[in-house]
Amino acid sequence: MLPDRSKRYAGIDEEPPRLKLVNHWQLLLAALLMVGLLRAIFPQKALVEELYERETLDELTLSYIENLHRTQPGNADLTILLARAQQDQLDLAALERLLNPILRSGRDDARQRSEARLLLLRRYERILSTALPGADRATWERRLTEFLRESSEDEVLPQLAGEFASEAFNLGLTQLGFRFLRRVSQQDPSTALADYAHAELAQGHYALAAEYFMLARHQTEDRDLARAYFRQGVSALMAASRFEQAMQLVDRNLGDLADDRDTLNFLTRTALAAGEPARAAQYARQLVFAEKPATGAAQ
């Protein structure tokens with residue numbers, strides 16, 4: 001058997017000194033090499049850009065992001081990715097605490113601020129989509145209105161501004177919605193509005209789709225487009241059998257199309273389909289009157 005202690009330390013009563021396998025500076029060097037290796041294998045910038053494209057993060061990636069965020073709490077991209085991954089678990093107050101430094105610092109770029117604002121906007125939307133008592137709903141709508149007004153003063157990116165415009169229109173903040181829309185389309189916002197209308201129509205939101213079509217109808221300077229948007233708006237409500245609402249929409253938005261023969265033809269048929277023959281007769285009389293100048297010219 002081996003002796004309890006080496007003969008070298010046989011004359012020493014206390015515990016023999018331990019041999020140093022590695023020095024502190026060697027441990028530090030090894031740690032730095034490991035960090036460098038990990039950065040080479042997982043380049044942070046490229047990884048962050050890739051993660052921005054993902055809707056969800058797996059547990060391993062989320063753990064990696066959390067660890068990076070602990071070491072770099074001021075990194076806006078890591079904060080946004082972490083907030084996006086945890087948005088279902090965080091309430092609005094916690095989400096604001098996490099993201100407000102990005103909005104307040106002024107250091108971060110427009111993309112990062114827009115992404116942070118979009119996450120907060122979606123949290124507001126989620127809250128308002130639940131069944132709330134009237135007083136609570138009014139309070140949350142006021143808070144959302146303040147948030148939208150504040151966001152409109154910032155540089156929201158065009159590809160994200162559409163969601164802000166949509167929520168502004170939902171709250172009846174028409175001018176604010178147009179302010180966001182102008183960032184989506186600098187020339188004619190009616191195109192973006194029509195796109196929103198079709199998207200809402202696909203989800204079965206007929207009343208909202210109709211309002212979007214009418215907003216587009218009033219924004220375009222092209223008479224043919226105005227006519228088309230008007231018809232699509234009315235048809236959206238007719239398709240949902242909301243006949244009375246469709247006729248009210250006509251009354252509010254007919255405007256300068258009141259002497260347009262194609263529109264009057266459409267309204268005559270639509271009023272009959274809505275069960276309003278008196279209204280149909282009125283449009284028919286307007287149609288005859290609108291055609292009189294052309295008849296007189298022929299004579």
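Numbers for residues simply follow the sequence, beginning at 1.
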Mind checking the CG-CZ spacing from L160 to F180? Nearest 0.5 Å is all I need. 11.0 Å

Treating Ile, Leu, Val, Met, Phe, Trp and Tyr as nodes and any side-chain heavy-atom pair under 4.5 angstrom as an edge, say whether F243 and Y283 lie in one connected cluster. yes

Do L90 and L144 share a hydrophobic cluster, counting only Ile, Leu, Val, Met, Phe, Trp and Tyr and linking them when any side-chain heavy atoms are less than 4.5 Å apart? yes

With a 3.5 Å distance limit and no angle check, can you tell me whether R113 reaches the backbone of E155 through a side-chain donor-acceptor pair? no

Under 4.0 Å between a Lys/Arg side-chain N and an Asp/Glu carboxylate O for D77 and R111? yes

So how far is it from S114 OG to D109 CG, rounded to the nearest 0.5 Å? 8.5 Å

I102 vs E115 side-chain heavy atoms within contact, under 4.5 Å: no

Regarding S166 and Y212, is there a side-chain donor-to-acceptor distance under 3.5 Å anywhere? yes

Parallel, tilted or perpendicular, judged at 30° and 60°: which one describes the rings of Y124 and W140? perpendicular

Which heavy atom in A209 sits nearest to a heavy atom in A197, and how many Å separate them? CB-O, 3.4 Å

For T220 and D222, which heavy atoms make the closest approach, and how far apart are they? OG1-N, 3.2 Å

Euclidean distance, L128 CG relative to L171 CG, rounded to 0.5 Å: 7.0 Å

Under the 3.5 angstrom rule, does the side chain of R126 hit a backbone N or O of D88 as a donor-acceptor pair? no

Decide side chain to side chain contact (heavy atoms under 4.5 Å, CB included) for Q112 and T79; before the verdict, give the C-alpha distance in whole Å, the side-chain angles of both, and the deciding distance to 0.1 Å. CA-CA 10 Å; Q112 292 167 332; T79 302; over 6 Å; no

Run through D256, N253, T174 and flag the one making a side-chain hydrogen bond (donor to acceptor under 3.5 Å, both in side chains) with H218. N253

Where do P277 and L272 come nearest, in terms of heavy atoms and distance? CA-CD2, 4.1 Å

Give me each pair satisfying salt bridge (charged side-chain N to carboxylate O under 4.0 Å, His left out) with a member in residues 133-145, each pair once, sequence neighbours excluded. E96-R143

Spell out, as yes or no, whether a donor-acceptor pair under 3.5 Å connects the side chain of S235 to the backbone of R231. yes

CG (L82) and CG (N75) are apart, to the nearest 0.5 Å, by 11.0 Å

Residues A116 and L103: closest non-hydrogen pair is CB-CD2, 3.9 Å

Is it true that L225 and L201 fall in one hydrophobic cluster, defined by side-chain heavy atoms closer than 4.5 Å? yes

Specify the closest pair of heavy atoms between L119 and I80, including all atoms of both residues, with the distance to one decimal. CD1-O, 3.9 Å

Between CG on residue L95 and CG on residue N100, distance to nearest 0.5 Å: 9.0 Å

Taking a hydrophobic cluster as the set of Ile, Leu, Val, Met, Phe, Trp and Tyr residues connected by side-chain heavy atoms closer than 4.5 Å, whether directly or through intermediates, do L254 and L237 fall within one such cluster? yes

Linking I/L/V/M/F/W/Y whenever any side-chain heavy atoms sit under 4.5 Å apart, do I127 and L121 land together? yes

Decide salt bridge (Lys or Arg N to Asp or Glu O under 4.0 Å) for R104 and E150; before the verdict, give the C-alpha distance in whole Å, the side-chain angles of both, and the deciding distance to 0.1 Å. CA-CA 12 Å; R104 304 285 181 258; E150 178 187 321; 3.2 Å; yes

State whether D262 and R223 are salt-bridged, where the test is any N-O pair (Lys NZ or Arg NE/NH1/NH2 against Asp/Glu carboxylate O) under 4.0 Å. no

Which heavy atom in A165 sits nearest to a heavy atom in G177, and how many Å separate them? CB-O, 3.6 Å

With a sphere of 6.0 Å drawn around CD of Q248, does it hold more than 12 non-hydrogen atoms of other residues, nucleotides or ligands? yes

With T270, which residues qualify under side-chain contact (heavy atoms from CB on, under 4.5 Å), at least two apart? V234, M238, M247, F266

Side chain to side chain contact (heavy atoms under 4.5 Å, CB included) assessment of E153 paired with R179: CA-CA 10 Å; E153 302 298 327; R179 191 184 303 176; 3.3 Å; yes

So does D259 get a backbone contact from the side chain of T263, meaning a donor-acceptor N/O pair under 3.5 Å? no

Just verifying a value: how many Å separate M214 CE and F230 CZ, rounded to the nearest 0.5 Å? 5.0 Å

Given Q219 and Y229, is the side chain to side chain contact (heavy atoms under 4.5 Å, CB included) satisfied, shown in steps? CA-CA 10 Å; Q219 283 298 299; Y229 293 147; over 6 Å; no

Assess whether side chain to side chain contact (heavy atoms under 4.5 Å, CB included) is satisfied between F213 and L249, documenting all intermediate values. CA-CA 11 Å; F213 278 127; L249 191 74; over 6 Å; no

Can you tell me if E125 has over 12 outside heavy atoms packed within less than 6.0 Å of its CD? yes

Can you check whether L148's main-chain N or O pairs, donor with acceptor, with R117's side chain at less than 3.5 Å? no

